[in-house]
Structures are given as structure tokens and as C-alpha cells.
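None of these values were measured; they are calculated from a predicted model.
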Amino acid sequence: MKKTPLRTCFVTRNKFPKGSLLRIVKNQNNEILIDINQNLNGRGYYISKDKDVINRVIKHRILDKLMHQKLNDDIYIQLSNILEKGGHSDE
């Protein structure tokens, strides 16, 4: 029987199966990207697809604190778009 990898949501600190979370990556060039397929190189941070959690990340700009840098609004707009699609992105 194959084990399902668990990852921790950086907002709630709860563990979830890897496939049920959004992955946000900071790559070597300090670019912040939403990793839809969860296969980009770089430091990955996981967030629950729960709309309350995503709203909290957007409202409090939690990614700025997590990445130790001021991010442009593009990443938050992308998160907002994912939220409007119901927490899932088909990109």
C-alpha cells in the first residue's frame, strides 16, 4: 500500500495530503510562483485550499512575512482568482 505524503499548511499548521494543498514556490531568482502541478524547483510552501485560509493570506499579506520581502500584488491576485474558482485551479 502506497503512503500519501502529508504536508503542513503554513497558515493553519494542520497536515493534509499533498494533493489537496496549493504550493507556493520561491525559486533561485527569488520569484514567487503558484505551483499548480507541484513540480517546480525551489522552496515550497503549502496552503490549504480553504477559502477562509486563502482570504486570511490575502488580507494580512502573510506571504510577505513568510518570504521576508515585500511582494507585488500579482501573487495575491492569482490567489484571489483561485479562490473565485472554488479553491481549485485548472491551469
- Message: Apply side chain to side chain contact (heavy atoms under 4.5 Å, CB included) to residues R43 and I24 and explain how you reach the verdict.
- Response: CA-CA 8 Å; R43 174 64 170 104; I24 299 170; over 6 Å; no
- Message: Just so I know, are the side chains of Q38 and K18 near enough to count as touching, which here means a heavy-atom distance under 4.5 Å?
- Response: yes
- Query: Can you tell me how far CG of N14 sits from CG of L6, rounded to the nearest 0.5 angstrom?
  - Reply: 11.5 Å
- Closest approach of N39 and R23, non-hydrogen atoms and distance? N-NH1, 4.1 Å
- Quick one: closest heavy-atom pair of I32 and M67, and the distance? CD1-SD, 3.7 Å
- Between Y76 and V57, is a side chain to side chain contact (heavy atoms under 4.5 Å, CB included) present by the stated rule, with each step listed? CA-CA 8 Å; Y76 293 106; V57 169; 4.2 Å; yes
- Using the salt bridge (Lys or Arg N to Asp or Glu O under 4.0 Å) rule, collect all pairs that involve residues 62-71, keeping only residues at least two apart or in two chains. R61-D64
- Item | side chain to side chain contact (heavy atoms under 4.5 Å, CB included) assessment of I34 paired with I36 | CA-CA 6 Å; I34 296 177; I36 301 301; 3.8 Å; yes
- Value rounded to 0.5 Å, distance of CD1 in I75 from OG in S80: 12.0 Å
- Item | cation_pi(R13, F10) dist<6.0 Å, angle<=45 | no
- Query: If you round to the nearest 0.5 Å, how far is CD of Q78 from CG of L22?
  - Reply: 11.0 Å
- What is the distance from atom CG of L63 to atom CG of L79, rounded to the nearest 0.5 Å? 6.0 Å
- Query: So do the side chains of T12 and R56 get within less than 4.5 Å of each other, counting heavy atoms only?
  - Reply: yes
- Should Y46 and V11 be counted in the same cluster of Ile, Leu, Val, Met, Phe, Trp and Tyr side chains packed under 4.5 Å apart? no
- Could you please spell out the steps behind the side chain to side chain contact (heavy atoms under 4.5 Å, CB included) verdict for K26 and Q69? CA-CA 11 Å; K26 182 176 184 178; Q69 66 189 54; 3.4 Å; yes
- Item | Rounded distance (nearest 0.5 Å) linking atom SG of C9 with atom OH of Y45 | 14.0 Å
- Item | Shortest non-hydrogen contact between L21 and S48, atoms and distance | CD2-CA, 3.5 Å
- Between CG of D35 and CG of N41, what distance do you get to the nearest 0.5 Å? 9.5 Å
- Message: Please check this pair: side chain of N27 against backbone of N29, looking for a donor-acceptor N/O pair closer than 3.5 Å.
- Response: yes
- Message: Count I, L, V, M, F, W, Y as connected when their side-chain heavy atoms are under 4.5 Å apart, and connections chain through other members. Are L71 and L66 then in the same cluster?
- Response: yes
